[in-house]
2 protein chains.
Amino acid sequence: MRTVDPVKHAAKKRHITDTAAGLFAEKGFDRTTVADICKAAEISTGSLFHYFPTKRAIFREIFEQDGQDNAEMFVRAKELEPWDAVLMVIDHLCVPALDRSVAGLVLEVVQQASRDPELWELVGHNEQVVRDELAQLLQKAHDAGRIALPVDARTAATWAQGLVDGLFGRLIDPDFDATVQVSTLRLILSRFVGAQAP
Amino acid sequence: MRTVDPVKHAAKKRHITDTAAGLFAEKGFDRTTVADICKAAEISTGSLFHYFPTKRAIFREIFEQDGQDNAEMFVRAKELEPWDAVLMVIDHLCVPALDRSVAGLVLEVVQQASRDPELWELVGHNEQVVRDELAQLLQKAHDAGRIALPVDARTAATWAQGLVDGLFGRLIDPDFDATVQVSTLRLILSRFVGAQAP
DNA sequence: GTCTATACTGGGATAGAC
DNA sequence: GTCTATCCCAGTATAGAC
């Protein structure tokens, strides 16, 4: 006897976020208008604001699932030998870089997060979780003699993230092939942490 | 018998760009209004548009001098031993990261450049010059036996830039001390290119 | 729940006096 | 060259019919 079908409702929201994500990636948040989103999603503004209170809310929704994704990843990672786990995590973090449109979205979220405290909490927390987990894995690998860290584990973890940032940064060069360069990234990281040859 | 004093004219333009740069760094390009700039620079909008045709033009002007700066740097670098020159260039590229407000501006320009073709040309060209010069220096250092590149010089140069991007990326973490981490960056690069201990 | 139409706001840019 | 006043438009969000 309820008036809304929650499944349909969620599906529609998802349709809107998916459509909006593409536009945000392509044109940026500020330059994407609500009208653009409505046109692309083939709905009216009135309908859109039935599902989301503001434009920003659409943007946030897009990133809300990331935290859970990462949590799942680390569960899987912990079943591996620590250093292999680190490499797996890095690969996972690099995946968005392989798709230019997703990469645009990542650039955008960094930008927006620095000015939207609510979004910042979401993203910043996530980053910190990744860093902490990476630091733990690196420490274990070090203790097991698989790598020989030249700096503390936390710093190393930070720079592992920094290397991923670097990968994204270089996407501005049209000749830069992220698929190929992920292996270079692994080489740099391996040499940095003194990984033994396998 | 000329009606404008070019020196005064340039000084005023400079005053506007300097003022605007601070605001762009702090709030981002899109969220900085022309009114904001005028207020901060203590001029009227009419006056501002006498010096610049559009808001974007102000933004571009800020980065127009970078090319020349870099050219000068490479002239000085070439007087050094190649590997020392590489480290000098890297240090130079890292300088903006040491000042949070300047760092904000760098984030902003990447963002904007991906959507402003004219700005893109400016920035992209500059990046390419840096990469080419770095690649040359790395090749020379390699040939001199000072380093042992595991990849081609161009790829190595690209990743040297990527590491600098990573440094900027990590600035989002408030605990990240760029001054300290520049030395970690040098360590990572040195290990990557197989630099011999001095 | 979805639409059309529109109110309201704010920002970029211009006109024209001084 | 600089100002004030203002135009014009884009964009978010709402009202109210269906």
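Worth knowing before you read on, the calculation uses all heavy atoms, side chains too, and leaves out hydrogens, waters and symmetry mates. In the text below, chain A, chain B and the rest are named by the order of the sequence lines, each starting its count at 1.
Listed nucleotides dT2(D), dT4(C), dG1(C) differ in distance to S44(A); the shortest reach to its side chain belongs to dT4(C).
Rounded to whole Å, the distance from CG on L48(B) to C1' on dT4(D) is 15 Å. Atom CD1 of I58(A) is separated from atom P of dG11(D) by 15 Å (rounded to the nearest Å). In this entry the distance linking NE2 of H15(B) with P of dG1(D) reads 15 Å, nearest Å. Here the P atom of nucleotide dT2(D) and the CZ atom of F52(B) are 12 Å apart, to the nearest Å. Here the P atom of nucleotide dT2(C) and the NZ atom of K39(A) are 21 Å apart, to the nearest Å. Note: CZ (R31(B)) to P (dT9(C)) measures 19 Å, nearest angstrom. Put simply, CG on D36(A) is 12 Å from P on dA10(D), counting in whole angstrom units. When rounded to the nearest whole Å, the span between CD1 of I37(B) and P of dG12(C) equals 8 Å.
Enclosure of atom NE2 in H125(B) is not indicated, since only 12 or fewer non-hydrogen atoms of other residues, nucleotides or ligands lie within 6.0 angstrom.
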Quick tally for nucleotides 12-18 of chain D: nucleotides whose base has a protein heavy atom under 4.0 Å get B, sugar-phosphate-only ones S, the rest -, giving SBB----
Solution key, residues 155-169 of chain B side-chain donor-acceptor pairs under 3.5 Å, sequence neighbours excluded:
{"residue": "T155(B)", "atom": "OG1", "partner": "D152(B)", "partner atom": "OD1", "Å": "2.7"}
{"residue": "T155(B)", "atom": "OG1", "partner": "D152(B)", "partner atom": "OD2", "Å": "3.3"}
{"residue": "T158(B)", "atom": "OG1", "partner": "R154(B)", "partner atom": "O", "Å": "3.0"}
{"residue": "W159(B)", "atom": "NE1", "partner": "Q181(A)", "partner atom": "OE1", "Å": "2.8"}
{"residue": "Q161(B)", "atom": "OE1", "partner": "R170(A)", "partner atom": "NH1", "Å": "3.2"}
{"residue": "Q161(B)", "atom": "NE2", "partner": "E127(B)", "partner atom": "O", "Å": "3.1"}
{"residue": "D165(B)", "atom": "OD1", "partner": "R170(A)", "partner atom": "NH2", "Å": "3.2"}
{"residue": "D165(B)", "atom": "OD2", "partner": "R170(A)", "partner atom": "NE", "Å": "2.9"}
{"residue": "D165(B)", "atom": "OD2", "partner": "R170(A)", "partner atom": "NH2", "Å": "2.8"}

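Relative orientation of the H9(A) and Y51(A) rings is tilted, given thresholds of 30° and 60° on the angle between their planes.
Residue contacts for Y51(A): at a heavy-atom cut-off of 4.0 Å it reaches the sugar-phosphate backbone alone, with no base atom in range. When heavy atoms are screened at a 4.0 angstrom cut-off, K12(A) is found touching the sugar-phosphate backbone but no base atom.
Using a 4.5 Å cut-off on side-chain heavy atoms (C-beta onward), M73(A) and M88(A) make contact.
In this structure, K78(A) pairs ionically with E133(A), as a charged nitrogen and a carboxylate oxygen lie closer than 4.0 Å. The pair D36(B)-R31(B) does not meet the salt-bridge criterion, since no charged nitrogen lies less than 4.0 angstrom from a carboxylate oxygen.
With rounding to the nearest 0.5 Å, the separation of CD in Q112(B) from CG in L105(B) is 10.5 Å.
Between dG1(D) and H50(B), a contact under 4.0 Å exists linking OP1 or OP2 to a side-chain N or O.
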